[in-house]
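The structure appears below as structure tokens.
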Amino acid sequence: MKFANRYLLLVAFLVLALVAVACGGNTASDLENAAEDVATDVAEEPAPEEPAEEPAPEEPAEEPAEEPMEEPTEEPAAEEPTEEPAAEEPTEEPSGDFLILEDPDCQGQFRRIQAMDEHTVEFELCNSDPAFLSKIAFTPFAIYPQEYLESTGGSGDLLESPIGTGPYMLETWNRGDSIIFTRNPNYWGEPAIAETLVFRWSSEAAARLLELQSGTVHGIDNPGPDDFETIANDPNLQLLDREALNVFYVGFTRTYEPFDDVNVRRAIAMGLDRQRIVDDFYPPGSTVATHFTPCAIANACVGEPWYEFDPEAARQLLADAGYPDGFDTTIYYRDVVRGYLPEPGAVAQELQVQLEENLGITAEIEVMESGAFIEASAAGDLNGIHLLGWGADYPHVTNFLDYHFGAAQTQFGDSYPEIYEHLDVGRSIADLDEAATVYEMANNAIREMVPMVPIANGGSATAYQATVTGAQASPLTNEYFAVMDPGDGGDQFVWMQNAEPISLFCADETDGESLRACEQVMEALYGFEINGTDPVPMLAEVCEPNEDLSLWTCTLRQGVTFHDGSPFDANDVVASYSLGLDASNPLHVGNTGAFEYYGTLWGLMNVPEE
């Protein structure tokens, strides 16, 4: 039918064309070309015998398919590619070899982390998370090249030779002496001022000050409490106070007797004169802790304050628990100076004296190597009292409470559901006033259960040569040396901190000395403003949430390369998070294998049953 119509159209066209030629309106060549066009159009039709012989063309079901054939530019074949879902909605069906990490059962806090394209990553959470940007800004969640992670097997070279995108690159680590960094010539941001950055360390505050006074270092961390005035009065030096976003505490592991008895823990809480400790061993700006989290952080100090010093009531609690004459135990600590613990040995001895005098408890003191102490305390393997503390990694109450008292935490023995059930609710509430009620209950539960005794919020400082510009005393202890100018005409900046890093693979470290070194080399999707606490974009240009803060879409910075020259892309992000979060990942090895920050702040997936 349609083929016959086409021939009638051709005949009609030829007649009209002849009339036009006769009237002088067109040339014979025009007529010939037009005729060829129509003839070609007809020639492109399907064979005429098929519609004539088959009854199917007369059936209504095939009529809609015939009409587009009358206009060749609208053939269905040309429309099909634009109708494919993958082409219209690439964010739902990523094409190419893009990685995805899925946890549909929500064993942790991520349901899905997915590279949507080369420069876009989606983080789908199981619940809302108002602290998401602050968390991803933290150094343990820095991004590594996927290929490098795979080549190291998740350990080995990875522990001492990090490859990142930061303003400095690792040159050499002289174990026991120093770490040398060199300026990254291909850094995406402002290049580092000093060509070379050197990290050194000493556990003695007096030794650090002597190095500063002699001019062999440009800056030091944590001057001793007795040195503040000396530095402040020296015109060749500068003292920078650091906000006390930290807490020093005495911890108990309740899987060991007698600390399985809450009355024993409560007796020690009431039997320690915490004010005396602060007065005798802490610098100006320090305070007795009223709660576990420093009160400068929102919702940190809602709820009842800590127990007052009452040795008589404490001795009665011990007697009620069956220890009228006290008991024997051990005080464990590491000899590493921190802002929360400026004189570890002296404080340990003071606690030893107070336990004996106030409670009749005889305590031996055992000093442990820093890495071994951190590993043992985190695993809950210390059978006595341990001295530890915490400095803010990001300014949110979850950084203190979730890390120490979350369901996955084993430091204080079996975790406390009386505490972590409130934390599970609180972390998803964005409104601070609404969250206050939940954190009040959590803080009161900590006070009731007494997994530890908060002692002090320690004032601390950094000190520098007077010539140094851009000097910092970061409240998060993450000084950023790329913007510091030594000011002495040289091209090297030397920093002296309290201890040597444990490793430089900070996805599996919690130690402050390790983290500070990593921060010069590694970068996360976000970071923190210099000398401040607000999260700012780094490897991501922006991360934007949906309405309920459960889905975050991060647009990555383009043109960034790692120190080994490899380009940064979305697969590197997913690979880095997968290594830390997925216990079944063959690269989930690290230094200790604990991946504490991943486990406590996000929750691990596929953890094998013990």
Side-chain angles (χ1 to χ4, degrees), residues 97-115 121-126 135-136 138-164 371-372 374-381 393 402-403 406-411 415 501-511 514-515 518 521-525 539 562 564 566 568-610:
D97 297 325
F98 294 117
L99 299 182
I100 181 172
L101 175 66
E102 293 183 289
D103 182 11
D105 296 331
C106 284
Q107 302 166 70
Q109 294 185 40
F110 285 114
R111 188 183 304 277
R112 173 179 59 89
I113 302 175
Q114 184 171 6
V121 179
E122 280 190 356
F123 294 85
E124 183 181 356
L125 295 150
C126 300
K135 287 182 180 179
I136 67 169
F138 188 28
T139 303
F141 309 127
I143 308 304
Y144 296 80
Q146 176 189 355
E147 295 79 5
Y148 182 60
L149 292 177
E150 294 170 349
S151 71
T152 64
S155 189
D157 289 345
L158 188 59
L159 304 184
E160 298 194 4
S161 302
I163 292 178
I374 292 296
E375 185 174 354
S377 61
D381 291 338
D393 301 308
D402 288 32
Y403 182 88
Q409 184 57 269
T410 58
Q411 178 183 346
S415 54
I502 296 173
S503 88
L504 293 181
F505 179 52
C506 286
D508 191 25
E509 295 295 347
T510 62
D511 180 68
S514 299
L515 296 177
C518 288
V521 175
M522 304 302 303
E523 292 178 317
L525 295 180
L539 292 182
F562 289 100
D564 62 359
S566 60
F568 161 67
D569 63 26
N571 276 349
D572 299 314
V573 177
V574 179
S576 297
Y577 273 83
S578 179
L579 178 151
L581 289 169
D582 187 357
S584 68
N585 188 320
L587 303 182
H588 186 81
V589 181
N591 184 23
T592 68
F595 292 89
E596 285 189 57
Y597 278 119
Y598 273 98
T600 55
L601 298 182
W602 299 120
L604 301 182
M605 60 183 71
N606 301 318
V607 178
E609 295 183 3
E610 296 182 358

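Values reported hereafter were calculated over all heavy atoms of this structure, with side chains retained and with hydrogens, waters and symmetry mates removed.
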With sequence neighbours left out, write down each residue that passes side-chain contact (heavy atoms from CB on, under 4.5 Å) with [X], or none if nothing qualifies.
X: Ala408; result: none
X: Asp569; result: Glu118, Asn571, Asp572
X: Ser161; result: Tyr148

Tell me every residue that passes side-chain hydrogen bond (donor to acceptor under 3.5 Å, both in side chains) with [X], counting only those two or more places apart in sequence or in another chain.
X: Glu102; result: none
X: Gln409; result: none
X: Asp103; result: Gln107
X: Thr139; result: Glu519

Do [X] and [Y] have side chains that approach each other closer than 4.5 Å (heavy atoms only, starting at C-beta)?
X: Leu525; Y: Val573; value: yes
X: Gln146; Y: Leu99; value: yes
X: Leu504; Y: Val521; value: no

Nearest 0.5 Å, what's the [atom1]-[atom2] distance between [X] and [Y]?
X: Gln109; Y: Tyr598; atom1: CD; atom2: OH; result: 13.5 Å
X: Thr152; Y: Leu159; atom1: OG1; atom2: CG; result: 8.0 Å
X: Leu579; Y: Glu150; atom1: CG; atom2: CD; result: 10.0 Å

Q: Scan for salt bridge (charged side-chain N to carboxylate O under 4.0 Å, His left out) pairs involving residues 152-162, sequence neighbours excluded, and state none if there are none.
A: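 For residues 152-162: Glu160-Arg175.
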Q: Take Arg112 and Ile100 through the test side-chain contact (heavy atoms from CB on, under 4.5 Å) and record every step on the way to the result.
A: CA-CA 7 Å; Arg112 173 179 59 89; Ile100 181 172; 3.9 Å; yes
(Q) Could you walk me through whether Trp602 and Ile136 satisfy the side-chain contact (heavy atoms from CB on, under 4.5 Å) test, starting with their C-alpha distance in whole Å, then the side-chain angles of each, then the deciding distance to 0.1 Å, before giving a yes or no? (A) CA-CA 10 Å; Trp602 299 120; Ile136 67 169; 3.9 Å; yes
Q. Which residues pass the salt bridge (charged side-chain N to carboxylate O under 4.0 Å, His left out) test with Asp511, sequence neighbours left out?
A.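 Per chain and number, Asp511 pairs via salt bridge (charged side-chain N to carboxylate O under 4.0 Å, His left out) with Arg334, Arg338.
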Q: Taking all non-hydrogen atoms of both residues into account, name the closest pair between Gly406 and Ser415 and its distance.
A: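 It is O-CB, 3.7 Å.
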**Q.** Qualifying side chain to side chain donor-acceptor pair (under 3.5 Å) pairs with a residue from residues 583-593, counting only residues at least two apart or across chains
**A.**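 Residue pairs with at least one partner in residues 583-593: Asp508-Thr592, Glu509-Asn591, Ser578-Asn585, Asp582-Ser584, Ser584-Asn606.
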Ignoring hydrogens and angles, tell me if any N or O in the side chain of [X] forms a donor-acceptor pair with the backbone of [Y] under 3.5 Å.
X: Ser514; Y: Pro501; result: no
X: Thr600; Y: Glu596; result: yes
X: Ser155; Y: Val589; result: no
X: Thr410; Y: Ala378; result: yes

Q. With Phe123, which residues qualify under ring-ring contact (aromatic ring centres under 6.0 Å, His included), at least two apart?
A.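 For Phe123 the ring-ring contact (aromatic ring centres under 6.0 Å, His included) partners, ignoring immediate neighbours, are Phe110, Phe132, Tyr577.
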Q: For Tyr597, enumerate each residue passing the ring-ring contact (aromatic ring centres under 6.0 Å, His included) test, keeping only those at least two apart in sequence or located in another chain.
A: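 By the ring-ring contact (aromatic ring centres under 6.0 Å, His included) rule, Tyr597 matches Phe138, Trp390, Tyr403.
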Q | side-chain contact (heavy atoms from CB on, under 4.5 Å) between Phe595 and Leu581, intermediate numbers included | A | CA-CA 8 Å; Phe595 292 89; Leu581 289 169; over 6 Å; no
**Q.** Verdict with supporting geometry, Phe505 and Tyr144, ring-ring contact (aromatic ring centres under 6.0 Å, His included)
**A.** CA-CA 10 Å; Phe505 179 52; Tyr144 296 80; 5.4 Å; yes
